[in-house]
Amino acid sequence: MLVGLFVFILGSCVGSFLNVCIYRMPREISIVKPFSFCPKCKAPIKWYDNIPILGFFLLGGKCRSCKEPISPRYPLVEAITASLFLILYIKFSLSFSFLKYILFFSLLVVVSFIDIDYHALPVSLCFIGVSLGIIFSLYETIHTITKWGVVNIYTLPIVKSLVGLVAGFGFTYAFKFFGDIFISLYLAFRKKESIEGEKESLGLGDVDFMGMVGVFLGAKLTILAFFLAPFLAIFYSIFALIFKRSHIIPYLPYLSLASFLSFVVGDFILNFLKF
Ligand SMILES: [Zn+2]
């Protein structure tokens, strides 16, 4: 219980750091220096105003020096990360897997919010993700072999990760390929150049992203995540279509959420569907 609370608080502090990454990485500002500042008046934020989740409410949602409103996204990201830590702690307790998956899902939080702001996936983050996943898998593989020997090559973590990488990437790419053909036929038929400046069904960022998910989740759960994402996105798509008159939505937040759902309850869903 006490450890759970500690993990939650730790998660909220990591969330606070993720906020810094989300804001600074696309702007190419260092994520270590300077310390936190107000994005509007650039005044440094005092440590007692920088308490995760609570700080926002203690300040009444306004910057102490310039009184401009602070985005509620800051406490939201902190609360999401804290909950993520708690759920993964309940699943794994304090273990190697806990460390592996808090790193992975924290990365997904950063990627999702950057996608919301910029409609793009920084390739460097994807590269970091794939590399991290492979390092973790190699470590698990060495551990498995020294303990059990090679029983079945297909169950080795590194093999699962590499198959996941190829499956996530290949599967999403195939969808993009046929989706793009469908869109170009549609555009030719309607004699239009593009749909709001877009000509693609999925971005290449989505393809790279699913490759990265595959390294951590393996082939099955990654493909399940791919099919779960549209169900999660549909409500916001309808909202965007009606209120913003837009067909374009950032998709990585839904792929991220779907990956998390698939990771936590995917085996249950697959059993239910008899896969
Ligand atoms: Zn300010």
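Scope of the values below: all heavy atoms of this structure, side chains included, with no hydrogens, waters or symmetry mates. Atoms within a ligand are numbered from 1 in the order they appear, just like the ligands themselves. Bear in mind the structure is a predicted one, so any value in this text is a computation, not a measurement.
By the 4.0 Å N-to-carboxylate-O rule, K62 lies too far from E68 to be salt-bridged with it.
Using bins of under 30°, 30° to 60° and over 60° for the plane-to-plane angle, the ring pair F243/F239 lands in the tilted bin.
Sorted by first then second residue, the salt bridge (charged side-chain N to carboxylate O under 4.0 Å, His left out) pairs that include residues 71-91, not counting sequence neighbours, are R73-D117.
By the 4.5 Å heavy-atom criterion applied to side chains, S259 and S256 are not counted as neighbours.
The aromatic ring centres of Y101 and F263 sit less than 6.0 Å apart. You'll find the ring centres of F226 and F175 inside the 6.0 Å limit.
With waters left out, the protein N, O or S atoms under 2.8 Å from the Zn ion (ligand 1) add up to 4.
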